[in-house]
Amino acid sequence: MNLAAAPARLSSIASTFEAQFRARLHWSADTDAAIEQRVADILADVQQRGDAAVLEYTARFDGLNVASMSALELTQAELKAAFDAIPAAQRDALQAAAKRVRSYHEAQKKANGESWSYRDEDGTLLGQKVTPLDRVGIYVPGGKAAYPSSVLMNAIPAHVAGVAEIIMVVPTPKGEKNALVLAAAYVAGVTRAFTIGGAQAVAALAYGTASVPAVDKITGPGNAYVAAAKRRVFGTVGIDMIAGPSEILVLADGTTPADWVAMDLFSQAEHDELAQSILLCPDAAYIDEVQAAINRLLPHMPRAEIIAKSLNGRGALIHTCSMEEACVISNRIAPEHLEVSSRDPHRWEPLLKHAGAIFLGAYTSESLGDYCAGPNHVLPTSGTARFSSPLGVYDFQKRSSIIEVSEQGAQTLGQIASVLAHGEGLQAHARAAELRLHAVPEMRVNK
């Protein structure tokens with residue numbers, strides 16, 4: 001295979017660095033206008049015609065012609081059969097990964113996912129009630145590749161949060177079902193599963209059909225049509241995020257074997273031609289070693305063509321003045337995955353503010369986080385790690401404020417509310433508070 005990958009070589013001290021750096025990072029989340037219009041049409045059609053529209057689009061886009069939605073729903077028996085049929089090594093790996101993901105998210109729930117309350121000095125009760133969502137939908141990609149790990153990462157935190165029903169949708173082009181995805185659904189406790197995908201699947205989850213129940217929130221990544229559909233149904237349902245192409249940033253001090261770093265860059269580049277892999281390093285000679293490793297290893301990769309396009313189009317090997325400067329640049333990028341491939345990663349971690357997940361040390365490859373370390377692999381992309389977080393138990397819970405004002409408390413709070421309400425010109429608000437001041441009327445007793 002005659003393929004070459006030459007990520008852009010940048011230097012932070014070059015006069016052209018800022019312009020080159022910005023150009024390399026630029027990625028527009030705006031989808032093509034034609035996609036937006038097509039998605040809008042699909043959503044409206046599913047909302048109006050329900051199952052009939054879902055069946056039509058599944059036949060058109062996935063090449064899967066069936067007479068009814070019942071043929072597209074996976075039974076629990078089928079999920080278990082898939083689990084029983086896969087090799088023992090895959091069964092063991094799924095269960096081990098699921099155990100670690102569940103343990104992590106259970107610890108997350110205990111840390112800050114419980115209801116709480118207190119009474120102040122006048123006896124007023126204040127607090128917060130944390131409750132799980134009733135029903136969520138998880139979208140599992142099934143086009144270019146199958147992702148059983150996405151099933152675990154979306155379904156398990158929902159399960160831990162206490163969600164009663166987890167509805168999975170996964171496209172199966174030409175009717176080809178991936179046994180490992182089905183087995184993962186069984187292990188993760190998915191309630192119902194349908195072999196549908198694309199904008200029509202998002203619409204079915206958001207609006208409900210005769211066969212697919214409407215959900216409260218949709219999570220999980222997908223292609224441009226899925227992203228556009230999630231953006232449009234937000235408000236009818238909740239969504240986790242609008243995911244962009246996958247990203248990895250390796251912050252290296254030159255002590256990690258170059259082959260390891262090159263393969264880590266490949267690990268995200270193989271996802272998609274638009275994925276981004278960047279190396280920040282103060283050692284120019286080491287950057288040369290990584291480039292040599294890229295050249296040597298690329299021809300042996302099954303997805304070499306995708307990796308090459310990704311590295312050539314969006315990859316970068318950046319020579320920095322120091323590790324400190326590399327940390328500053330990393331914070332500007334706010335990557336999805338950040339590897340600190342250093343002899344002393346804890347020296348640099350305090351300097352890193354923005355990243356979806358931070359992987360410390362040479363032995364902590366990003367791929368371990370993708371599959372089985374425990375923390376969630378659904379992470380913010382495209383710089384949104386500056387203000388958003390990984391998927392977690394908290395995404396499948398909602399919080400209700402609890403307020404119980406005592407008779408004594410009403411005297412103090414009522415006067416404050418009265419003044420502010422009159423200031424806003426809302427006299428009924430003020431009067432409602434004032435009626436409870438001074439004399440408290442005798443409560444009626446039901447007879």
Side-chain angles (χ1 to χ4, degrees), residues 104-137 156-167 191 205-208 213-219 230-242 353-354 376 378 380 384-447:
Y104 178 87
H105 288 87
E106 284 174 344
Q108 184 183 75
K109 180 182 178 183
K110 290 177 182 177
N112 62 5
E114 304 296 336
S115 300
W116 54 268
S117 65
Y118 67 91
R119 288 192 183 273
D120 63 19
E121 61 277 3
D122 62 20
T124 292
L125 176 72
L126 301 172
Q128 191 174 75
K129 182 178 181 179
V130 179
T131 55
L133 305 183
D134 291 333
R135 185 188 292 133
V136 300
I156 288 177
H159 201 269
V160 169
V163 174
E165 292 184 73
I166 303 170
I167 313 300
T191 311
L205 290 172
Y207 306 129
V215 302
D216 300 309
K217 188 169 189 175
I218 301 172
T219 70
K230 286 173 67 177
R231 186 183 295 111
R232 282 182 173 270
V233 299
F234 176 66
T236 299
V237 295
I239 62 172
D240 50 352
M241 62 188 77
I242 302 298
K353 299 188 297 181
H354 307 307
N376 211 286
V378 180
T384 59
R386 292 177 294 109
F387 54 81
S388 55
S389 308
L391 190 71
V393 168
Y394 38 74
D395 287 297
F396 299 100
Q397 296 173 320
K398 53 186 173 60
R399 290 152 179 79
S400 302
S401 297
I402 299 294
I403 307 168
E404 180 188 22
V405 178
S406 66
E407 178 182 334
Q408 182 181 348
Q411 310 312 303
T412 302
L413 298 178
Q415 294 181 49
I416 298 170
S418 174
V419 171
L420 296 176
H422 280 301
E424 292 185 352
L426 299 176
Q427 283 73 25
H429 279 66
R431 189 62 180 141
E434 291 163 358
L435 285 172
R436 290 164 171 82
L437 293 176
H438 310 304
V440 179
E442 182 178 338
M443 296 296 181
R444 292 183 178 179
V445 177
N446 291 329
K447 295 182 179 180

Who pairs with [X] by salt bridge (Lys or Arg N to Asp or Glu O under 4.0 Å), at least two apart in sequence or on another chain?
| X | answer |
| --- | --- |
| Glu165 | Arg135 |
| Lys109 | none |
| Arg431 | Glu434 |

Drop me the distance from [X]'s [atom1] to [Y]'s [atom2], to the nearest 0.5 angstrom.
| X | Y | atom1 | atom2 | result |
| --- | --- | --- | --- | --- |
| Leu435 | Ser418 | CG | OG | 10.5 Å |
| Lys230 | Leu205 | NZ | CG | 10.5 Å |
| Ile156 | His105 | CD1 | NE2 | 8.5 Å |
| Leu413 | Leu437 | CG | CG | 10.0 Å |
| Lys110 | Glu114 | NZ | CD | 9.0 Å |
| Ile218 | Ile167 | CD1 | CD1 | 11.5 Å |

For [X], check side-chain hydrogen bond (donor to acceptor under 3.5 Å, both in side chains) against everything at least two apart and list the hits.
| X | value |
| --- | --- |
| Asp122 | Thr124 |
| His159 | Arg102 |
| Gln408 | none |
| Glu404 | Arg119 |

Restricting to side-chain contact (heavy atoms from CB on, under 4.5 Å), what partner residues turn up for [X], sequence neighbours left out?
| X | answer |
| --- | --- |
| Asp395 | Lys217, Leu391 |
| Thr236 | Tyr207 |
| Ser389 | Tyr394 |
| Lys129 | Ser115, Thr131, Ser400, Ile402 |

Query raised in the report: Tell me, which pairs form a salt bridge (Lys or Arg N to Asp or Glu O under 4.0 Å) where one or both residues lie in residues 409-430, sequence neighbours left out?
Result: none
For the residue pair [X] and [Y], what are the closest heavy atoms and their distance?
| X | Y | result |
| --- | --- | --- |
| Gln411 | Arg436 | NE2-O, 3.1 Å |
| Gly414 | Ala433 | O-CB, 3.8 Å |
| Ala421 | His429 | CB-CB, 3.7 Å |
| Pro132 | Ala161 | CB-O, 3.3 Å |
| Val130 | Arg399 | CG2-CG, 3.9 Å |
| Pro380 | Pro390 | CD-N, 4.0 Å |

Query raised in the report: With a 4.5 Å limit on heavy-atom distance, are the side chains of Val378 and Asp240 in contact?
Result: yes
Report task. Using a 4.5 Å cut-off on heavy atoms from C-beta on, say whether the side chain of Thr219 contacts that of Ile239. Result -> no
Report task. Evaluate whether atom NE2 of His354 has more than 12 neighbouring non-hydrogen atoms of other residues, nucleotides or ligands under 6.0 angstrom away. Result -> yes
